[in-house]
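Report on the following structure.
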Amino acid sequence: MKLLVAVKRVIDFNVKPRVKMDGSGVDLANVKMSMNPFDEIAVEEAIRLKEKGAATEIVAVSIGPAKAQETLRTALAMGADRAILVQTEEEVEPLAVAKILKGIAGEENPDLIILGKQAIDDDSNQTGQMLAALLGWPQGTFASKVEVAGGDLNVTREVDGGLETVKLATPAVVTTDLRLNEPRYASLPNIMKAKSKPLATKSPGDYGVDVAPRIETLKVTEPAKRQAGVKVGSVDELVGKLKALGVAK
Ligand code: AMP
């Protein structure tokens, strides 16, 4: 089984985002960027499938600026075999990403494409679903368990109030949820080895995709500031204050 894994370079999850002064977006100047956490889980799952003997090759793909090479090198250091960077300085929306991934799938013929359930920068949660629709392939989204059963995949999904297991015929699209696995850290020797693994650079035009945005961001605002709390001396004082606020009787 050949696997394609989509990895996005996003603002690091530990960084508190700052909104630009003009409210046009999030300020990314001098901000630490990392692989989207759900995509680390996608890479880890691909590696585990290879370690189990269910997969033969893992190709990591990123669509983004030249610096997204670093994200791909991280995927290679974790255990991906080769990488493709589709380079563009434009901000690429989920539909354009899905179209590019469809183009790559046409060339690479993977049996399974693994994506994160959502990118933590735009929080769209759309790319995997759009990709499955464009390809006409079955999809297992929000996966918390992936099992290969013959030529099929059994994907356990986290749904409201429980788990659902679906059977997908390959080729298929899977998106990862938080509890699927715990991604490994790349070891220093593997980081060194990753430097010589193949990384091809392409452009959206190579796949005939126009990445011009279809959505206009009107305004981005910071969440309202929380008011400072008050320390109370006793439970009676707390209840008194809650009564005064009308929260308790
Ligand atoms: P989204 O629909 O934007 O929330 O993203 C869902 C998933 O699609 C991410 O977790 C990635 O696996 C993949 N993805 C989205 N944008 C990109 C990108 N620019 N490059 C590579 N993968 C992406």
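Quick note: residue numbers are just sequence positions, from 1.
- Note: L180 CG to L178 CG = 9.5 Å, rounded to the nearest 0.5 Å.
- No donor-acceptor contact under 3.5 angstrom links the side chains of T156 and S144, judged on distance only.
- Other cluster members for Y185: none, since no ILVMFWY side-chain heavy atom sits under 4.5 Å from it.
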Donor-acceptor pairs under 3.5 Å, side chain of residues 237-244 to any protein atom, not counting sequence neighbours: which ones?
{"from": "E237", "atom 1": "OE1", "to": "G233", "atom 2": "N", "distance (Å)": "2.8"}

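- In this structure, P94 and Q126 approach most closely via the heavy-atom pair CG-OE1, 3.4 Å.
- With sequence neighbours excluded, the residues that form a salt bridge (charged side-chain N to carboxylate O under 4.0 Å, His left out) with K50 are D81.
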Problem set entry | Chi angles and distances behind the side chain to side chain donor-acceptor pair (under 3.5 Å) call for N181, E44 | CA-CA 7 Å; N181 60 48; E44 176 65 34; 5.5 Å; no

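- Remark: F38 CZ to F142 CZ distance equals 9.5 Å, nearest 0.5 Å.
- Remark: E40 pairs with no residue by the side chain to side chain donor-acceptor pair (under 3.5 Å) rule, at least two apart or across chains.
- Closest of all the heavy-atom pairs between E45 and V146 is OE2-CB, 3.8 Å.
- By the neighbour-count criterion of 12 heavy atoms within 6.0 Å, atom CD of E51 is densely surrounded, having more than that number from other residues, nucleotides or ligands.
- Remark: side-chain polar atoms of N36 are paired, donor with acceptor, to backbone N or O of I120 under 3.5 angstrom.
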For this session: Given side chain to side chain contact (heavy atoms under 4.5 Å, CB included), test I58 with V5 step by step and report yes or no.
Result: CA-CA 7 Å; I58 305 167; V5 185; 3.9 Å; yes

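- Of the possible donor and acceptor atoms, one in the side chain of R73 sits under 3.5 Å from a partner among the backbone N and O of A194.
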Side chains of residues 218-230: which donor-acceptor pairs under 3.5 Å do they make with residues two or more places apart or in other chains?
{"from": "E222", "atom 1": "OE2", "to": "V19", "atom 2": "N", "distance (Å)": "3.3"}

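- With sequence neighbours left out, the salt bridge (charged side-chain N to carboxylate O under 4.0 Å, His left out) criterion links E108 to K2, R82.
- Taking all atoms of both residues into account, the shortest heavy-atom contact from A77 to A186 is CB-CB, 3.6 Å.
- Using a 4.5 Å heavy-atom cutoff, the side chains of K67 and M33 are not in contact.
- Here the closest heavy-atom approach between residue V148 and residue G150 is recorded as CG1-O, 3.6 Å.
- For T176 (side chain) and A143 (main-chain N/O), no donor-acceptor pair under 3.5 Å exists by modelled atom type.
- Each salt bridge (Lys or Arg N to Asp or Glu O under 4.0 Å) pair with one or both residues in residues 147-161, not counting sequence neighbours, appears once here: K145-E147, R157-E164, E158-R179.
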For this session: Show the numbers, then the answer: is there a side chain to side chain contact (heavy atoms under 4.5 Å, CB included) between T141 and K117?
Result: CA-CA 7 Å; T141 52; K117 75 166 179 183; over 6 Å; no

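- With a 4.5 Å cut-off on side-chain heavy atoms, L72 and E70 do not count as touching.
- L101 is listed as a side-chain neighbour of T127, based on a closest heavy-atom distance under 4.5 Å.
- Annotation: side chain of M78 is in contact with side chain of P183 (closest heavy-atom distance under 4.5 Å).
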Using distance only, find each side-chain donor-acceptor pair of residues 23-31 under 3.5 Å and give its atom names and separation, not counting sequence neighbours.
{"from": "S24", "atom 1": "OG", "to": "D22", "atom 2": "OD1", "distance (Å)": "2.7"}
{"from": "S24", "atom 1": "OG", "to": "D22", "atom 2": "OD2", "distance (Å)": "3.3"}
{"from": "D27", "atom 1": "OD1", "to": "A29", "atom 2": "N", "distance (Å)": "3.1"}

Problem set entry | Steps toward side chain to side chain contact (heavy atoms under 4.5 Å, CB included) verdict (L135, I113) | CA-CA 11 Å; L135 287 166; I113 307 180; 3.9 Å; yes

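- Annotation: side chain of I104 is in contact with side chain of I100 (closest heavy-atom distance under 4.5 Å).
- Between the CG atom in L153 and the OG1 atom in T170 there is a gap of 6.0 Å [rounded to 0.5 Å].
- Remark: D111 pairs with no residue by the side chain to side chain donor-acceptor pair (under 3.5 Å) rule, at least two apart or across chains.
- Salt-bridge check for K8 with D39: failed, with every basic side-chain N at 4.0 Å or more from each acidic carboxylate O.
- Taking both residues in full, the closest heavy atoms of W137 and P110 are given as CH2-O, 3.6 Å, listed atom of the first, atom of the second, then distance.
- By the rule that hydrophobic residues join a cluster once side-chain heavy atoms approach within less than 4.5 Å of another member, V86 and L115 end up as members of one cluster.
- Screening residues 89-107 for salt bridge (Lys or Arg N to Asp or Glu O under 4.0 Å) gives no qualifying pairs among residues at least two apart or on separate chains.
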Problem set entry | Derivation and outcome, side chain to side chain contact (heavy atoms under 4.5 Å, CB included), residues L4 and I114 | CA-CA 6 Å; L4 209 66; I114 314 181; over 6 Å; no

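- Evaluation of the salt bridge (Lys or Arg N to Asp or Glu O under 4.0 Å) test over residues 123-132, restricted to residues two or more places apart or in two chains, returns none.
- Panel note: side chain S62, backbone L85; no donor-acceptor pair is recorded below 3.5 Å.
- Closest of all the heavy-atom pairs between L168 and G140 is CD1-N, 3.6 Å.
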Which atom pairs, one a donor and one an acceptor, fall under 3.5 Å between side chains of residues 195-211 and the rest of the protein, sequence neighbours left out?
{"from": "S196", "atom 1": "OG", "to": "K193", "atom 2": "O", "distance (Å)": "3.0"}
{"from": "K197", "atom 1": "NZ", "to": "L76", "atom 2": "O", "distance (Å)": "2.9"}
{"from": "K197", "atom 1": "NZ", "to": "A80", "atom 2": "O", "distance (Å)": "2.8"}
{"from": "S203", "atom 1": "OG", "to": "G205", "atom 2": "N", "distance (Å)": "3.4"}
{"from": "S203", "atom 1": "OG", "to": "D206", "atom 2": "N", "distance (Å)": "3.4"}
{"from": "D206", "atom 1": "OD2", "to": "S203", "atom 2": "N", "distance (Å)": "2.9"}
{"from": "D210", "atom 1": "OD1", "to": "A212", "atom 2": "N", "distance (Å)": "2.9"}

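- One side chain, N125 or Q129, offers a donor N or O that lies under 3.5 Å from an acceptor on the other.
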